[in-house]
4 protein chains.
Amino acid sequence: MSAPSTTAASESAEASAHRRERRKEARPGELLDAALDLFVEKGFAATRAEEVAARAGVSKGTLFLYFPSKEELFKAVVRENLARVVHESAGELDSFEGPSDALLLHFLQQWWARYGATKASGISKLIISEASNFPELAVFFRDEVVEPGTALLRRVLERGIARGEFRPVPIDTTVHLILAPLLFLVLWKHSLGPCCDALARIEPEAYIAQHAELLLRGLRADAAPGTPDSPAPPEPKTP
Amino acid sequence: MSAPSTTAASESAEASAHRRERRKEARPGELLDAALDLFVEKGFAATRAEEVAARAGVSKGTLFLYFPSKEELFKAVVRENLARVVHESAGELDSFEGPSDALLLHFLQQWWARYGATKASGISKLIISEASNFPELAVFFRDEVVEPGTALLRRVLERGIARGEFRPVPIDTTVHLILAPLLFLVLWKHSLGPCCDALARIEPEAYIAQHAELLLRGLRADAAPGTPDSPAPPEPKTP
Amino acid sequence: MSAPSTTAASESAEASAHRRERRKEARPGELLDAALDLFVEKGFAATRAEEVAARAGVSKGTLFLYFPSKEELFKAVVRENLARVVHESAGELDSFEGPSDALLLHFLQQWWARYGATKASGISKLIISEASNFPELAVFFRDEVVEPGTALLRRVLERGIARGEFRPVPIDTTVHLILAPLLFLVLWKHSLGPCCDALARIEPEAYIAQHAELLLRGLRADAAPGTPDSPAPPEPKTP
Amino acid sequence: MSAPSTTAASESAEASAHRRERRKEARPGELLDAALDLFVEKGFAATRAEEVAARAGVSKGTLFLYFPSKEELFKAVVRENLARVVHESAGELDSFEGPSDALLLHFLQQWWARYGATKASGISKLIISEASNFPELAVFFRDEVVEPGTALLRRVLERGIARGEFRPVPIDTTVHLILAPLLFLVLWKHSLGPCCDALARIEPEAYIAQHAELLLRGLRADAAPGTPDSPAPPEPKTP
DNA sequence: AATGAATGAGTATTCATTCAT
DNA sequence: TATGAATGAATACTCATTCAT
């Protein structure tokens with residue numbers, strides 16, 4: 001008890017300094033989170049900058065301390081959330097050993113767990129809505145998400161076909177057909193879902209499972225050997 | 001008949017009156033067309049009322065003569081285009097005779113021809129983008145499009161299952177899985193497509209065909225265990 | 001009195017149409033006038049766009065209907081008022097016949113009557129205040145006012161020297177020395193004058209007259225012939 | 001003196017304390033300097049407080065530690081620099097012995113050396129620009145600079161006239177005519193000059209010399225008899 | 001019916017000023 | 001003292017909407 005006050009004082013000083021610093025470092029993240037919520041919910045134009053700030057618990061001015069404009073905030077939201085997704089799910093699949101149908105199933109489930117189920121999935125709706133107003137972002141999305149994602153799936157399909165597990169199918173088209181229900185799921189979640197409680201609420205896991213089953217039945221090369229199966233139709237190539 | 005000039009005059013007067021009337025009646029339609037284009041391209045908020053008027057060839061004031069507000073114009077655009085879609089494709093399928101896989105194929109192809117390929121398909125993007133800002137429209141969309149559309153598909157599936165042509169599958173989930181690639185197609189067309197020329201351009205007919213093939217393989221109830229596999233499924237013919 | 005109502009009606013319709021049109025055409029001028037007043041009085045930054053509109057008797061929005069931004073309004077004010085001045089006083093002096101001192105006196109008096117005494121003279125203060133914020137305008141001022149104005153004076157001096165009426169003096173420097181009191185006059189009028197009522201109010205005409213007299217005494221080549229007058233000092237040329 | 005280390009330590013402590021103190025005391029001066037530069041260059045409104053602080057090498061907060069507001073900073077800048085100017089050149093002229101033309105020449109050259117050539121000359125531009133926004137400063141300027149300055153010049157003229165060296169001229173008007181080219185010089189330096197490099201750059205010394213020569217020729221009472229000179233016009237007195 | 005000049009509520013953005021550290 | 005993160009009043013500018021013609 002000799003010098004507790006001093007200790008306490010310096011402790012609290014440290015603590016509050018820490019708190020302040022932590023807040024400062026956390027600010028951009030908090031703002032991006034708030035902005036993601038609002039942009040996804042209401043769209044870019046209908047979201048007021050002050051609202052974003054308010055939801056992040058700061059004032060209007062603070063927002064512009066971290067992002068020079070609403071547009072830059074929007075871009076940051078997209079980049080931040082996309083970057084996270086893409087980088088995480090990168091190489092993992094290449095080291096997979098086992099049958100290709102299990103691999104594909106794994107891919108679908110992981111996609112849901114890592115992206116579809118998270119707030120970040122709202123980005124898909126954002127991009128679709130604002131692609132023509134932010135072409136720059138659309139290109140970014142294409143390069144950072146669509147392209148790597150389709151490349152991943154393409155390798156899965158090629159692996160399956162090479163190993164004789166999948167029928168030969170037109171790769172690119174099939175990739176899109178595999179992704180479509182995933183996109184559908186997140187769009188439903190962020191657009192019509194909230195308005196259609198009354199109607200069939202989609203159960204993501206069951207939906208994914210059923211997608212996988214239907215898909216794998218469609219893909220599997222379990223035709224009796226010797227049966228001259230329809231040869232792989234030529235992939236439509238863009239000229 | 002005595003004075004041909006008079007007749008001619010009245011004729012031309014009639015004609016121009018007609019023309020003017022037709023124009024007058026056409027006005028709202030021209031405005032709705034222009035508005036659909038712009039709303040789809042840029043979204044609701046980013047579309048300026050004056051632009052819509054200009055594209056329709058009238059002045060700003062005239063727009064508000066026909067529609068009391070930009071919101072009402074938007075709703076009218078959605079309603080008009082949705083109504084068109086739904087009413088046309090109603091009963092036709094019920095009178096279909098023939099195998100269910102052909103029926104399903106027919107459904108998919110018709111959907112593309114009658115909706116996906118038209119300007120109206122942009123409505124899907126609009127609804128997805130603005131659902132939370134126009135819940136009323138989302139409900140309208142659910143009731144007028146989603147519900148009847150899924151009901152239609154549901155009947156097709158039930159027919160196929162009842163006739164032993166399709167495996168028993170969870171109906172609602174499968175309906176969504178059938179619709180998802182269709183939605184994907186129109187969203188691609190109206191959002192990322194225009195920005196991604198360089199990347200894989202999707203060929204709608206081939207895409208639909210491949211969707212049908214994959215889907216029908218997944219649905220068909222002909223996999224007798226141990227039985228050497230299904231006879232070659234009918235090659236999807238693109239018209 | 002047979003159809004007075006019709007006549008009256010068409011007259012009033014015409015009149016109001018006219019009034020409207022006249023107003024529309026007058027708007028930019030009214031706005032420029034209001035803006036000149038306020039910019040001169042308070043400076044560019046301290047003048048609020050809405051104030052300008054209010055003084056011109058219109059609403060904020062209307063201002064931006066005619067000028068795309070406050071900066072452009074400012075530029076228009078400068079250009080409009082400068083252009084007027086310069087073009088008016090152009091060639092007149094060249095056709096002058098008579099002694100050069102009378103010519104110079106005429107120049108000074110005209111300058112006051114046509115520029116110094118008008119609202120437009122406030123532009124000088126504006127330019128001086130905002131030159132570094134609107135370099136573009138400073139250049140415009142240099143090219144459209146300073147350069148032609150000094151050229152005019154230069155010709156007057158050269159004429160006087162050539163005719164033996166003026167001593168040979170360094171032209172450019174002297175031109176600036178002639179202009180300086182004129183500038184001083186308008187700056188006084190628009191800056192300190194209003195604050196210094198108590199102090200000596202400058203009487204423009206007397207001031208100009210005294211400037212002319214002092215100047216002409218300094219310039220006149222009436223030194224007794226044979227008196228070795230100071231030779232014309234070399235004009236400092238910028239390298 | 002026993003422990004040099006202690007001495008050294010305390011010396012260095014003292015020194016650094018001194019240095020810090022000097023710095024502390026210098027702060028306001030550094031801020032005033034920075035502010036003068038920026039205010040002169042860009043005007044009051046276009047100068048950001050943070051910029052001033054940055055140029056002075058301190059943080060935004062520190063600025064407001066020394067000056068309660070931007071307006072007060074501005075006033076301090078003006079007061080500080082004006083005070084400097086006026087007090088220095090006070091009595092010196094009264095003790096001058098010699099001809100009045102030499103005295104006047106001395107005045108002009110000193111004015112340039114002590115004021116025109118220094119940063120403080122930018123104050124003139126500031127006052128002219130902001131007189132109506134800071135009437136208090138305009139009055140201050142009038143009382144502290146214009147009035148004493150003109151009084152000084154007035155005495156010079158009166159001396160010359162009294163000694164028969166200058167013609168009798170209207171004093172106040174002539175005072176303004178003497179000052180005008182000086183003001184012109186500093187305004188040119190701080191406004192148009194920087195934008196008009198290409199155009200005639202004014203050489204201050206030559207300009208002042210020429211001003212003096214022209215002026216003295218105009219003032220000197222050595223007109224050859226026979227010239228029907230105008231008698232001194234009555235000075236216009238403002239009541 | 002059609003026009004387009006005018007309006008003014010609404011919003012992004014800036015920046016002097018404060019205050020916890 | 002000194003800092004710089006945070007604030008919010010102030011202001012330029014937009015655009016749906018009105019209305020006199």
Side-chain angles (χ1 to χ4, degrees), chain A residues 12-21 23-25 27 45-53 57-71 73, chain B residues 20-21 23-24 27 45-53 57-73, chain C residues 12-21 23-25 27 45-53 57-71 73, chain D residues 20-21 23-24 27 45-53 57-73:
Chain A
S12 84
E14 245 177 61
S16 62
H18 263 297
R19 211 176 309 129
R20 198 161 213 238
E21 232 169 77
R23 285 195 85 190
K24 194 209 154 176
E25 276 164 26
R27 275 290 132 75
T47 296
R48 286 174 33 217
E50 196 162 10
E51 256 181 305
V52 174
V58 299
S59 77
K60 206 177 7 172
T62 303
L63 171 62
F64 290 94
L65 219 55
Y66 291 94
F67 302 94
S69 73
K70 195 182 160 191
E71 292 214 353
L73 172 64
Chain B
R20 201 185 301 155
E21 227 170 82
R23 251 209 192 149
K24 197 175 74 179
R27 275 291 136 74
T47 296
R48 288 173 40 209
E50 195 164 12
E51 257 182 303
V52 174
V58 298
S59 79
K60 214 181 344 178
T62 305
L63 171 61
F64 289 93
L65 223 53
Y66 290 98
F67 302 93
S69 73
K70 193 183 165 191
E71 292 214 352
E72 286 306 321
L73 171 64
Chain C
S12 84
E14 245 176 59
S16 62
H18 262 296
R19 211 176 308 129
R20 198 161 213 238
E21 230 169 76
R23 287 196 83 191
K24 195 212 155 176
E25 277 164 24
R27 275 292 134 74
T47 297
R48 286 172 36 216
E50 197 161 9
E51 255 182 304
V52 174
V58 299
S59 77
K60 204 180 7 172
T62 304
L63 171 61
F64 290 96
L65 218 56
Y66 291 94
F67 301 93
S69 73
K70 195 182 160 191
E71 291 213 353
L73 171 65
Chain D
R20 202 185 300 157
E21 226 170 82
R23 253 211 191 147
K24 196 174 75 180
R27 274 291 137 73
T47 297
R48 288 174 40 208
E50 194 163 13
E51 257 180 304
V52 174
V58 300
S59 79
K60 214 179 347 178
T62 305
L63 170 62
F64 289 93
L65 224 51
Y66 291 96
F67 302 94
S69 73
K70 193 184 164 190
E71 291 214 352
E72 287 305 320
L73 171 65

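Naming: A, B, ... by sequence-line order, numbering from 1 per chain.
- Nearest-nucleotide positions on DNA chain F for C:T47 and B:A45 put C:T47 closer to the 5' end.
- If you check distances only, the side chain of D:K70 never reaches the base of E:dT17 with a donor-acceptor pair under 3.5 Å.
- Where C:T62 and A:F64 each meet DNA chain E at their nearest nucleotide, the meeting point lying more 5' is that of C:T62.
- Looking at C:K70, its side chain does come within 3.5 Å of a backbone N or O of C:T47 through a donor-acceptor pair.
- Position along DNA chain F of the nearest nucleotide to D:G57 versus C:S69 favours D:G57 as the more 5'-ward residue.
- The interatomic distance linking B:E50 (CD) with F:dT14 (P) rounds to 13 Å, in whole Å.
- Across D:A53 and D:L63, no two heavy atoms sit closer than the pair CB-CB, 4.4 Å.
- The separation between A:L65 atom CG and E:dT18 atom P is 18 Å, rounded to whole Å.
- Protein atom CG of C:L73 is 13 Å distant from nucleotide atom C1' of F:dC13, rounded to whole Å.
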Dot-bracket summary - DNA chain F, pairs being Watson-Crick or G-U whose distances fall under 3.5 Å, with | when paired to another strand: .||||||||||||||||||||

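- Regarding contacts with the backbone of E:dA5, every side-chain N or O of C:Y66 stays at 4.0 angstrom or more from both OP1 and OP2.
- Closest approach of B:P68 and B:F64 over heavy atoms only: O-CD2, 4.0 Å.
- In terms of modelled atom types and a separation under 3.5 Å, the side chain of B:E51 and the main chain of B:R48 share a donor-acceptor contact.
- Applying the salt bridge (charged side-chain N to carboxylate O under 4.0 Å, His left out) rule to pairs touching residues 60-69 of chain B yields B:E50-B:K60, sequence neighbours excluded.
- OP1 or OP2 of E:dA2 has not a single side-chain nitrogen or oxygen of B:S59 nearer than 4.0 Å.
- Nearest heavy-atom pair, A:V58 versus A:R27, reported as atom, atom and distance to 0.1 Å: CG1-NE, 3.3 Å.
- What separates CG of B:L63 from P of E:dA5 is a distance of 17 Å, to the nearest Å.
- Checking F:dT17, E:dT7, F:dA12 against every side-chain atom of B:K60, the shortest atom distance belongs to F:dT17.
- Regarding C:E51, its CD atom lies at a distance of 12 Å from the C1' atom of F:dT11, rounded to whole Å.
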